[in-house]
Amino acid sequence: MRPILLNGHTRSLTKIKYNREGDLLFSVSKDHTPTVWYSHNGERLGTYEGHNGTCWDIDVNGSTTRVLTGSGDNTCRLWEALTGKELHVFETRSAVRSVAFAFGDEEAIFVTDATMGNKSTIHFIKIAENPQEQQGPYKTIIVNDGESKFSIARWGYLNKTIVAGHDDGTISIYDAETGKLLRKAKDHTSTIQDLQFSTDLSYFITASKDTNSFIYDYDTLKILKRYPTERPVNSAAISPLKEHIILGGGQDAMSVTTTSVTAGKFEVRFFHKIFQEEIGRVKGHFGPINTLAFHPSGKSFASGGEDGYIRIHHLDPDYFTFKYDEEE
Amino acid sequence: EDSLLKTKVSREIVERRKKLYKEWKEYRAQCQEKYKKDKALRYELSGYESDGEGRKVEKDVEYVE
């Protein structure tokens, strides 16, 4: 496996996301500059200039015409994907932690942190075809009293629900129409760092600071699979092609300088999704892995690290032919 | 004695895998049944024509020698 190193960010990566076709890779980092890259060769296509703070999340719509970014500068910004033109700035009262386009591209959500006097909130926006007519949020879901703040939110099955992860490890599912809490589960004991769906949206994987990753059934919030590790898990992704998942993490930033790279904490770990057995590790990053994404074809994956690098790994042909005897 | 133990352990692993695989296939069959009616809409919204293996993307990744 020969990785491609994408060197352009000057600070830690926070999120990477492929577009639907998989030809482009979008990234955000603590350096304030969202960036788009060609995924096949790692060439930088361009940047999105405007944020003044750490960018926490990025999403691209299905037709790769719009990009949404959320930042610690108390804004969520809408961009023209292929020109980098800023189309709209949604100003907020606190940092924007998470952003997501709805399936079909007509709507989006962004999540704001709790601050003094403001509770953590999921904001709903309608994406206007004409940017001049873009409006602000038309609806919100505010975290209930006594509940921990939202750390991530994603659209659920066919845009009917919002699946949210909380700072205390809770997973909540809300009705996207009414904002009513439909079901919740508290299996993790620390922040939900990442939440990625299977391709048919019937289950999703979580990554938590509590060192575990779980696969939940979307409909029942029952845990289907468990992947315990020894270190905080920052990101988890489900292969669209094989029965595999990948986990990335490391440890808290304060311990990074005291840990040797060879200690084996900064590797992408492959697990067999069904058997829950570790099947391989991919080395490379010089610090914790903050974000992972599978290419939509499942033939490669990308990782973004605390070291400021993105690594694109094209999987070897052997990978696609290997199967356990029991997988028949 | 060691090889007997190894055989026993490996047999247990195989049995465990078989059980997990069977359970997962049953779960997936239930999912497909449950979400069958929405399949066309789901594909339309996602822009893909398949859920997994064989899913085509416009600019597929080529293996770089």
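In this text the structure is predicted, and so the values were computed from the model without any measurement. Here is the naming used below: chain letters follow the sequence lines, and residue numbers restart at 1 for every chain.
- Atom-to-atom distance recorded for Y21(B):OH and Y324(A):OH is 13.0 Å, nearest 0.5 angstrom.
- Within a 6.0 Å sphere centred on OH of Y309(A), other residues, nucleotides and ligands contribute 12 heavy atoms or fewer.
- Here C31(B) contributes atom SG and Y203(A) contributes atom OH; the two are 8.0 Å apart, rounded to the nearest 0.5 Å.
- Within a 6.0 Å radius of CD in E177(A), other residues, nucleotides and ligands contribute 12 heavy atoms or fewer.
- Residues meeting the ring-ring contact (aromatic ring centres under 6.0 Å, His included) test with F294(A), sequence neighbours left out: none.
- Checked for salt-bridge contact, E326(A) and R16(B) miss the test: no charged N lies under 4.0 Å from a carboxylate O.
- For E327(A), the parts lying under 4.5 angstrom from a heavy atom of chain B are both the backbone and the side chain.
- The greatest number of non-hydrogen atom pairs below 4.5 Å with chain A, out of R42(B), K22(B), K39(B), K18(B), is found for R42(B).
- When heavy atoms are compared at a cutoff of 4.5 Å, K25(B) approaches chain A solely by way of its side chain, counted from C-beta outward.
- The distance between the ring centers of Y35(B) and Y157(A) falls below 6.0 angstrom.
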- [ ] Evaluate side-chain contact (heavy atoms from CB on, under 4.5 Å) for L224(A) paired with Y27(B), printing each intermediate quantity in order.
- [x] CA-CA 9 Å; L224(A) 301 171; Y27(B) 166 70; 3.3 Å; yes
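- Classification of R28(B) and D200(A) as a salt-bridged pair holds, one side-chain N sitting under 4.0 Å from a carboxylate O.
- Taking NZ of K160(A) as the reference point, atom CG of D38(B) lies at 5.0 Å (rounded to 0.5 Å).
- In terms of heavy atoms, I274(A) sits closest to L20(B) at CG2-O, 3.5 Å.
- Other residues, nucleotides and ligands contribute only 12 or fewer heavy atoms inside 6.0 Å of the CD atom of E129(A).
- Contact annotation for K242(A): neither backbone nor side-chain heavy atoms come within less than 4.5 Å of a heavy atom of chain B.
- Of the two parts of K34(B), only the side chain, counted from C-beta on, holds a non-hydrogen atom closer than 4.5 Å to a non-hydrogen atom of chain A.
- For a residue to count as touching a neighbouring chain, one of its non-hydrogen atoms must lie under 4.5 Å from one of that chain's; by this rule Y43(B) does not touch chain A.
- Scored by the salt bridge (Lys or Arg N to Asp or Glu O under 4.0 Å) test, E15(B) finds no partners at all (sequence neighbours excluded).
- More than 12 heavy atoms of other residues, nucleotides or ligands lie within 6.0 Å of CD in E278(A), so this atom counts as buried by the packing criterion.
- With a 4.5 Å cut-off on non-hydrogen atoms, D105(A) does not touch chain B at all.
- Here the two rings, on F275(A) and W24(B), have centers that are 6.0 Å apart or farther.
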